[in-house]
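All chains are named by letter (A, B, ...) in the order of the sequence lines, taking the proteins before the strands, and each is independently numbered beginning at 1. Computed from a predicted model, the values in this text were never measured in an experiment.
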Amino acid sequence: MADERVSAVQLLTPEGQRVAHPEYDINLTDAELRGLYRDMVLVRRIDTEATALQRQGELGLWAPCLGQEAAQVGSARAMAPNDFAFPTFREHGVTWCRGVAALDMLAILRGISNGGWDPSLHRCGPYSIVIGAQVLHGVGYAMGVQFDGAEDVAVTYFGDGAMAQGDVNEAFVFAASFSAPVVFFCQNNQWAISQPSDRQGNIQLYERANGFGFPGVQVDGNDVLAVLAVTKVALERARSGNGPTLIEAYTYRMGAHTTSDDPTRYRLAGELETWRLRDPIERLKAYLARQGIADRSYFDQIEQEGEKLAEQIRDGVRAMVPPKPESMFDDVYSEPHARIDEQRAEMLEYLASFEDAGG
Amino acid sequence: MADERVSAVQLLTPEGQRVAHPEYDINLTDAELRGLYRDMVLVRRIDTEATALQRQGELGLWAPCLGQEAAQVGSARAMAPNDFAFPTFREHGVTWCRGVAALDMLAILRGISNGGWDPSLHRCGPYSIVIGAQVLHGVGYAMGVQFDGAEDVAVTYFGDGAMAQGDVNEAFVFAASFSAPVVFFCQNNQWAISQPSDRQGNIQLYERANGFGFPGVQVDGNDVLAVLAVTKVALERARSGNGPTLIEAYTYRMGAHTTSDDPTRYRLAGELETWRLRDPIERLKAYLARQGIADRSYFDQIEQEGEKLAEQIRDGVRAMVPPKPESMFDDVYSEPHARIDEQRAEMLEYLASFEDAGG
Amino acid sequence: MTNLTMVKAINAGLRKAMERDPKVLLFGEDIGRLGGVFRVTDGLQKDFGEHRVLDAPLAESGIVGTAVGLAMRGYRPVLEIQFDGFVYPGFDQIVSQVAKFHRRMDGAVAMPITIRIPYGGGIGAVEHHSESPEAYFAHTAGLRVLTPSDPQSAYLTIQQAITCNDPVIYFEPKRRYWDKGEVDESQSALDLGAVADPWRARIVKAGSDVTVACYGPMVRTCLEAAAVATDISLEVVDLQALAPIDYETLVASVQRTSRLVVVHEAALSGGVGAEIAARIGEKCFYELEAPVTRVAGFDVPYPASRIEEHFLPDLNRVLDAAERVMGY
Amino acid sequence: MTNLTMVKAINAGLRKAMERDPKVLLFGEDIGRLGGVFRVTDGLQKDFGEHRVLDAPLAESGIVGTAVGLAMRGYRPVLEIQFDGFVYPGFDQIVSQVAKFHRRMDGAVAMPITIRIPYGGGIGAVEHHSESPEAYFAHTAGLRVLTPSDPQSAYLTIQQAITCNDPVIYFEPKRRYWDKGEVDESQSALDLGAVADPWRARIVKAGSDVTVACYGPMVRTCLEAAAVATDISLEVVDLQALAPIDYETLVASVQRTSRLVVVHEAALSGGVGAEIAARIGEKCFYELEAPVTRVAGFDVPYPASRIEEHFLPDLNRVLDAAERVMGY
Ligand SMILES: Cc1ncc(C[n+]2csc(CCOP(=O)(O)OP(=O)(O)O)c2C)c(N)n1
Ligand SMILES: Cc1ncc(C[n+]2csc(CCOP(=O)(O)OP(=O)(O)O)c2C)c(N)n1
Ligand SMILES: [Mg+2]
Ligand SMILES: [Mg+2]
């Protein structure tokens, strides 16, 4: 890494060279390695397509994960099926690995739902929007795992900016206090909208953990192998009753904060150039090619798979219809509620009055 | 200290032996040393008297600082006149050193005010009750000092329990981010009501600071000299633009949490016995006597001063009258407010109706 | 029937709920060994263990936020906020998460969380220990709000709140904690629906001239007023549920009396009484012989304890309002 | 006179306030180099420097809590909360500290803090970006609440809010941010009192049949309704201040029209409209020809953006209500 203070675990150099690490290592089959590549390419394809769809007015907004694919895919692929992910709105790579359908990821941004999938089905929470809130949910979930005597682990995702929030720090306290089986996965993508991550003080974020009584580790977030290795260790630690770990994945938000954002107002183009050379997908591709684990025909095939997926998304998004107006009254409560019933009836009557008038 | 994990700065052993410390030292005149003794004895006298007055029904509640006199007096006496203290409801030793009259400290507990003094007069905030809130106020104040180009320092007080609150951790972030001239003074009195301080994880509290990018130091909170020395260093650090320090004063709440509390429900009597041997006042007294800095007649004189103060408090508290009912409308706003005027008028009219009836 | 204080009645209700469902957990500051600062959870950690009655770190957002996760894992957390004035650090998790999660997930995730909050004045406490924040929660879609007024209703409704699959903010009138009353402990929440629906208002004293709507701590005050009111017959309605409010019962009462006084400790403007006045003003437009009149705390921060008696509605202020509505 | 959007008008007002008083500081997330996500503070950091326009860490309680300390040090902080749904993490500091500090200190400490919050729906945003939390603050003693409805009122009232020695929650109707209007930039807050008292409601369209009370984003909607209402004459009152509400103006209007419709985006139950209905029900008991009728959001969490149009009051719902009150 360019930054001298950074001491991130790395298993793959930006050039795709495999390097050893004294503490962290990982052995993957060729199929697994190709799988990671495929995940990252397809996630990027979803991301690009969604960005395009937003420009065309089909989505209200999109928060691209461009550049963060290795951090997201590496950590999520480290999880066991019964582990539970608590993502934010930018974790399309995580939801992808948890088996959430691409179209379901877009439901919020299409403005037809505030959720999009059943968390228990994918063992993956909704895209959380209030910064930091879901980190406490993850800790609570992990406490429940512990009370159940189960061996699942909760993985909570959040950004560098979120490290400032009271909720995130309280989550550290609760996790330490209950020695909860949780992994705190912080993607330090260098920016919280327009705020550079070093605004929080002259210290690396992973070092926060020690003061709360559990280990912190910094990993090269653009190195999918290192992320996977580091996350596996943290998961095992949690699973075996040794409590939380904070992982800081050092990465970069290559796109805008969201499609509404204009990063040229606050950051220099040169920065982006530097990070382009560390692209997580190119890095793995170079390794796979050099090692003969995959060849051009494989890469092309994934490319085509991506195009097909993009087409499905395009068609699917356009076909998504808004829910019925009166659905806003559904599931506000799970038990009967007089006020809701009354207001639903009023709305239906009011809407019917137009139909009458029209007919 | 009994606890092996504790590595607190100490300048005076529990037996009153002066010891050297490689990093922290302090040279005080005899008069200053006697002054610290006097402060601690008088603060304890106020504390005992207030506890007694509460038992007699003259105060609604009292939060004793018994056992924490050295931590409070040592830190507050380190402050310069223009520095600003942000205490909690237990910091009677701090308010005393800031020149707040004993009776003013009791106003809240007498139920006649929610404040009690003018902060700008004493450069000391009110007794803060919502755990953690005042720590942010201290940081904001310190930011203001910085913007003014002044050299004052804010000292914020809080307990071990407060270390869990989001506000306190956000205060750490803001202070680090702005390199604000603030000292975080945490009295680890081992208990947050019934919760032992180690419930927050298997780590010493002062270690929290490092992860936020500023130093933390643990001091023997029952050693007034060490507290003073450590606080002076932190104040100078802040004053010279080097940002915040977290001081953990390792001490013990010898009394109940408040007069409403029953600590026998959650802690063992033996603990109290252990800490009685570390009494902050006895320790300094032994040192003063051994060094010939003060003798029996001086100690007696202070004792008498304490009795007189106690008498003043007794008389003063009984003479305190509740404010007029309509005063609840004063100072809600500092500019005219129709709703307040209307309600005040209504109340006065209503109250007058009884007088009419009676007369 | 046993004669219990409200504290003991809630304790008994919590015990019943915990016996019935192993997923019920208690979580809060000092609720374990100490039994809570009001002793509401006294003895429960001893009997159910440290994994059923959990002492929490001192952080309200943390308590509520982790409860959301516990609920996602299938637990039924019952939280204690130590005092009314300390619920605000948890406000975000309550309003943005607890209240909205079920709707957000199109019903896929339930939030059966009960948040117990001792509230209101009258105990001579210092600042932040005598607040009446119920309007904030009653205005928040997705929450239900309940408040008992006596030991029997407390014993029943705490169980019903816990059994409810929706989040319930459960306000306990702390000045009535030590009031005693008969409690029928044989009643179980499983067959309560018929006996006592917590979402229905209760006419606790019938009358014919003025309906007095009240809840929590003010119910006793209004009953006392009704008892001494010699020339006006007051009908006292204990709302019990503040969200949703049972307008059926209330409207029926006002239709009989044609006059309504609403009483609460919380500040007047924007209090629960405002909504009741607005609704009854609509629903009973032709029946009302006098404007709906509110007796409430003033629009000021809760005053120092020695003058709180002038802030809190009392018997005289209730009677004064009753006389005023009779004067129209 | 200049033709400005509301965003630019607030920007101009902030600039005026900063020029006038060096103690005025802006503090919030992304307000510096970026100029805020809505660009309300665009260019101000460049012109006033990093010590007057401060980018804050991502922590709302921290922003409000440090502002309290800044106020104690003599500053006049103007805070930006990025979106309505993100004010709740700062709720405790607002309710327990900002609102109560002045009273707590018997007047010795002032809290001249302005908290700017873009609020309301209509921009097709995702969850938490379209909330209407004004009732929480209007119910909180010690706070003042203001909301402008057009560029001119925004330009003036933002200056007045900052000049006010009390804390002001300043709600900016984000869907009207890009509406343009004439702004007289020669007006300075120093001599505004006479020209335009921010605490007085404004009759923005005179009428004789029905008074329509509204504020913020709904003022334009109600004006549009008034414009198309052919057989009913609507008098549109822009409340401007939600705490305290100017009942003098409102009562006078209702005395003329005998009918009142209150319109807001926030959820109906416990909204600001409830308090207005309660008060007008009292003050105009004999004058009202129809019950005060509210047009508001429903008692549900803010829905997904594609159906928010059915949640938000619109021209038709306002007219529908006006017809209903005429039918009494
Ligand atoms: C409580 C809260 N405050 C403000 C926001 C607005 N906001 C959305 S994303 C964001 C920056 C988040 O930065 P970071 O945590 O680094 O995550 P990233 O966007 O880089 O993935 C902000 C301020 C929010 N969503 N929630
Ligand atoms: C936000 C908040 N939650 C709960 C309380 C109730 N309470 C008062 S003191 C206290 C314990 C504080 O412990 P600590 O911070 O160690 O300070 P100490 O009492 O030991 O001085 C609690 C829980 C409070 N005052 N504020
Ligand atoms: Mg980031
Ligand atoms: Mg303590």
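Residue Asn169(A) does not touch chain C at all, counting heavy-atom pairs closer than 4.5 Å. Neither the backbone nor the side chain of Ala171(A) comes within contact range of chain C, judged by heavy atoms closer than 4.5 Å. Using a 4.5 Å cut-off between heavy atoms, Glu342(A) contacts chain C through its side chain alone, with no backbone atom that close. Neither the backbone nor the side chain of Ala110(C) comes within contact range of chain A; no heavy atoms are under 4.5 Å apart.
Most heavy-atom pairs under 4.5 Å with chain C, from the set Val145(A), Ile129(A), Ile108(A), Val139(A): that is Val145(A). When each of Gly107(C), Pro112(C), Ala141(C) is checked for heavy-atom pairs under 4.5 Å with chain A, Gly107(C) comes out on top. Of the listed residues (Gln97(C), Arg144(C), Glu248(C), Lys100(C)), the greatest number of heavy-atom pairs within a distance under 4.5 Å of chain A belongs to Arg144(C). Chain C forms more heavy-atom pairs under 4.5 Å with one residue of Ala150(A), Gly115(A), Pro323(A), Ser128(A) than with any other, namely Gly115(A). Of all the listed residues (Asp167(A), Asp148(A), Val332(A)), the one sharing the greatest number of non-hydrogen pairs under 4.5 Å with chain C is Asp148(A).
For Arg237(A), the CZ atom sits in a packed shell: over 12 heavy atoms of surrounding residues, nucleotides or ligands are nearer than 6.0 Å.
Residues Leu136(A) and Ser61(C) have side chains in contact (heavy-atom distance under 4.5 Å, counting atoms from C-beta outward). Residues Phe101(C) and Pro126(A) are in side-chain contact: their nearest non-hydrogen atoms beyond the backbone lie under 4.5 Å apart. For the pair Phe178(A)/Pro57(C), a side-chain contact is recorded, criterion being any heavy-atom separation below 4.5 Å from C-beta on. Contact of the Asp330(A) side chain with the His102(C) side chain is not registered, since no non-hydrogen atoms from C-beta on lie closer than 4.5 Å. In this structure, the side chains of Phe27(C) and Met143(A) come closer than 4.5 Å at one or more pairs of heavy atoms.
Contacts with chain A (heavy atom to heavy atom, under 4.5 Å) involve these residues of residues 63-73 of chain C, listed by number: Ile63(C), Gly65(C), Thr66(C), Val68(C), Gly69(C), Leu70(C), Met72(C), Arg73(C). Residues of residues 46-55 of chain C lying within less than 4.5 angstrom of chain A, judged on heavy atoms, are His51(C), Leu54(C), Asp55(C) in numerical order. Among residues 74-95 of chain C, the residues having any heavy atom closer than 4.5 Å to a heavy atom of chain A are, in sequence order, Tyr75(C), Asp92(C), Gln93(C).
Shortest non-hydrogen contact noted between Phe174(A) and Ala56(C) is CE2-CB, 4.4 Å. Residues Glu170(A) and Gly62(C) approach most closely at OE1-N, 2.6 Å, considering heavy atoms.
Interatomic distance, Arg103(C) CZ to Phe329(A) CZ, rounded to the nearest 0.5 Å: 10.5 Å.
For Glu134(C), the side-chain hydrogen bond (donor to acceptor under 3.5 Å, both in side chains) partners at least two apart in sequence or on another chain are Tyr215(C).
With hydrogens and angles disregarded, a donor-acceptor distance shorter than 3.5 Å links the side chain of Asp166(C) to the backbone of Ser334(A).
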